[in-house]
Amino acid sequence: MTSAGKADRKASLDAASWLFNVVTSVGIIIVNKSLMATHGFSFATTLTGLHFATTTLLTVILKWLGYIQPSQLPLPDLLKFVLFANFSIVGMNVSLMWNSVGFYQIAKLTMIPVSCFLEVVLDNVRYSRGTKLSITLVLLGVAVCTVTDVSVNAKGFIAALVAVWSTSLQQHYVHSLQRKYSLGSFNLLGHTAPVQAASLLILGPFLDYWLTNKVVYAYDYHLISLSLIVLSCTIAVGTNLSQFICIGRFTAVSFQVLGHMKTILVLILGFIFFGKEGLNHQVVIGMFIAILGMIWYGNASSKPGGKERLPSSKSQKNSALSESSEVDEKV
């Protein structure tokens with residue numbers, strides 16, 4: 001295959017990955033909104049545990065059928081990942097409960113600068129001026145169309161801090177583990193999903209009771225709510241898989257930046273399905289700014305020097321040693 005053909009194939013797979021993630025993410029938001037807002041199922045942490053249990057079931061079946069090859073992930077790395085991931089889930093739920101919607105949205109926006117910081121410090125990545133400005137434009141646009149009331153309190157700020165850093169670390173760790181151990185998306189899910197499912201299904205009911213003062217086992221289950229729970233779990237398999245695919249193919253920062261397209265789509269679909277009372281000039285202007293920023297980011301980061309990983313001092317040292325040894329051999 002020629003280099004042009006490989007580039008076209010990569011572009012097609014990249015687009016398909018993003019589309020897969022956007023469709024499943026927007027779909028699960030709409031289903032969960034109906035389940036929680038309309039049918040009163042407010043047990044978010046337990047529901048997430050069910051999502052990972054369903055994902056675990058699928059990975060077990062695929063392993064049994066031979067579609068997932070055996071792989072290794074050291075226990076310390078697995079536990080570290082699950083710790084970050086569970087703190088992310090719990091932190092987001094608690095942050096939403098303790099903060100105003102405006103501050104919750106601002107906290108979510110700070111994940112991009114935090115992810116950039118992690119890539120610069122841990123991966124020695126450098127960004128061009130255009131890439132930095134495009135990220136700023138995306139943040140500005142999403143802030144304009146989503147941030148309304150902003151009130152801050154001490155415990156809400158701490159919850160948001162935990163949520164932002166744990167989510168950023170978890171997403172960075174996905175990319176790092178896939179690269180370090182040559183793990184595919186399903187391989188990584190096969191290692192992490194069972195532990196996350198077990199921990200969240202054990203802790204979830206207690207945490208949900210603390211957050212909502214309601215018991216998940218006392219909920220009045222009926223056919224529609226059970227159908228929505230099953231549908232949510234089914235879509236969640238695709239959401240979990242597509243997240244790992246996208247972060248593995250790109251980086252956590254790119255995932256966050258282009259991921260805000262989902263925010264824009266959720267707003268648009270919300271206006272279509274749930275009424276147009278929230279549609280105003282501020283929201284439309286914010287959407288326009290954010291989309292311009294995303295297009296600019298895609299263009300700026302793909303240029304030479306737009307976003308590149310510099311060789312670490314360790315690799316440079318190893319390279320220098322190997323060169324010196326070659327010289328010694330020749331002498």
Side-chain angles (χ1 to χ4, degrees), residues 4-32 51 55 58 85 88 108-109 111-116 118-119 123 125 127 130-132 134-139 141-142 145-146 167-168 170-179 183-189 232 234-270 272 286-303 306-309:
K6 289 180 179 179
D8 291 340
R9 185 172 183 274
K10 182 181 183 303
S12 299
L13 290 174
D14 289 348
S17 300
W18 279 118
L19 183 62
F20 184 29
N21 180 254
V22 168
V23 170
T24 54
S25 298
V26 173
I28 201 169
I29 288 172
I30 293 174
V31 171
N32 287 352
H51 290 169
T55 304
L58 179 62
S88 169
K108 286 180 66 177
L109 290 176
M111 288 180 194
I112 293 180
V114 171
S115 295
C116 288
L118 291 174
E119 286 192 355
D123 293 337
V125 171
Y127 299 91
T131 304
K132 293 175 184 175
S134 67
I135 290 173
T136 304
L137 193 63
V138 172
L139 294 174
V142 177
C145 64
T146 60
T167 302
S168 300
Q170 181 253 347
Q171 292 181 355
H172 179 271
Y173 215 43
V174 168
H175 187 74
S176 175
L177 290 176
Q178 288 187 333
R179 191 173 68 245
L183 294 172
S185 301
F186 262 124
N187 289 111
L188 187 55
L189 271 178
S232 177
T234 304
I235 298 174
V237 175
T239 306
N240 292 332
L241 177 62
S242 64
Q243 180 189 24
F244 282 19
I245 290 174
C246 287
I247 296 176
R249 293 187 67 84
F250 311 102
T251 64
V253 173
S254 296
F255 181 74
Q256 283 285 341
V257 171
L258 298 181
H260 281 299
M261 180 60 74
K262 293 178 285 189
T263 304
I264 305 299
L265 286 175
V266 168
L267 286 171
I268 293 173
L269 291 174
I272 293 174
M287 289 180 179
F288 181 71
I289 293 172
I291 292 172
L292 280 180
M294 292 171 197
I295 295 172
W296 187 8
Y297 174 82
N299 183 51
S301 62
S302 62
K303 289 181 178 179
K307 180 181 178 182
E308 58 183 356
R309 187 189 306 273

Report summary line: For Ser185 and Leu241, the nearest pair of non-hydrogen atoms, with its separation, is CB-CD1, 3.6 Å

Query raised in the report: CD1/Ile28 to NE2/His51 distance, rounded to the nearest 0.5 angstrom?
Result: 4.0 Å

Report summary line: Rounded to the nearest 0.5 Å, the CG atom of Leu188 sits from the CD1 atom of Ile245 at a distance of 11.5 Å

Query raised in the report: Side chains of Met294 and Leu137: closer than 4.5 Å at any heavy-atom pair?
Result: no

Query - Polar contact flag, side-chain donor to acceptor under 3.5 angstrom, Asp123-His172 - result: yes

Query raised in the report: Do side-chain atoms of Ser115 reach the backbone of Met111 as a donor and acceptor pair under 3.5 angstrom?
Result: yes

Requested in this report: Give the minimum heavy-atom separation between Val138 and Gly293, together with the two atoms involved.
Outcome: CG2-C, 3.3 Å

Query raised in the report: Can you check whether Lys132 reaches Cys116 side chain to side chain, under 4.5 Å on heavy atoms?
Result: no

Query raised in the report: If you round to the nearest 0.5 Å, how far is OH of Tyr173 from CG of Leu118?
Result: 12.5 Å

Report task. Keeping the roles fixed (side chain from Ser134, backbone from Thr131), state whether a donor-acceptor pair exists under 3.5 Å. Result -> yes

Query raised in the report: Roughly how far, to the nearest 0.5 Å, is the CG atom of Leu177 from the CG atom of Asn187?
Result: 12.0 Å

Query - Any side-chain heavy-atom pair of Val253 and Tyr127 under 4.5 Å - result: yes

**Report entry** Heavy-atom closest contact (Cys246 atom, Ser17 atom, distance)
**Finding:** SG-O, 3.4 Å

Query - Arg249 vs His175 side-chain heavy atoms within contact, under 4.5 Å - result: no

Query raised in the report: Is there a donor-acceptor pair under 3.5 Å between the side chain of Asn240 and the backbone N or O of Ala236?
Result: yes

Query raised in the report: Is Val174 close to Phe255 at the side-chain level, that is, under 4.5 Å between some pair of heavy atoms?
Result: no

Requested in this report: Report the distance from atom OG1 of Thr136 to atom CG of Leu139, rounding to the nearest 0.5 Å.
Outcome: 6.5 Å

Report task. Give, for atom OG of Ser176 and atom CD of Glu119, the distance between the pair rounded to the nearest 0.5 Å. Result -> 11.0 Å

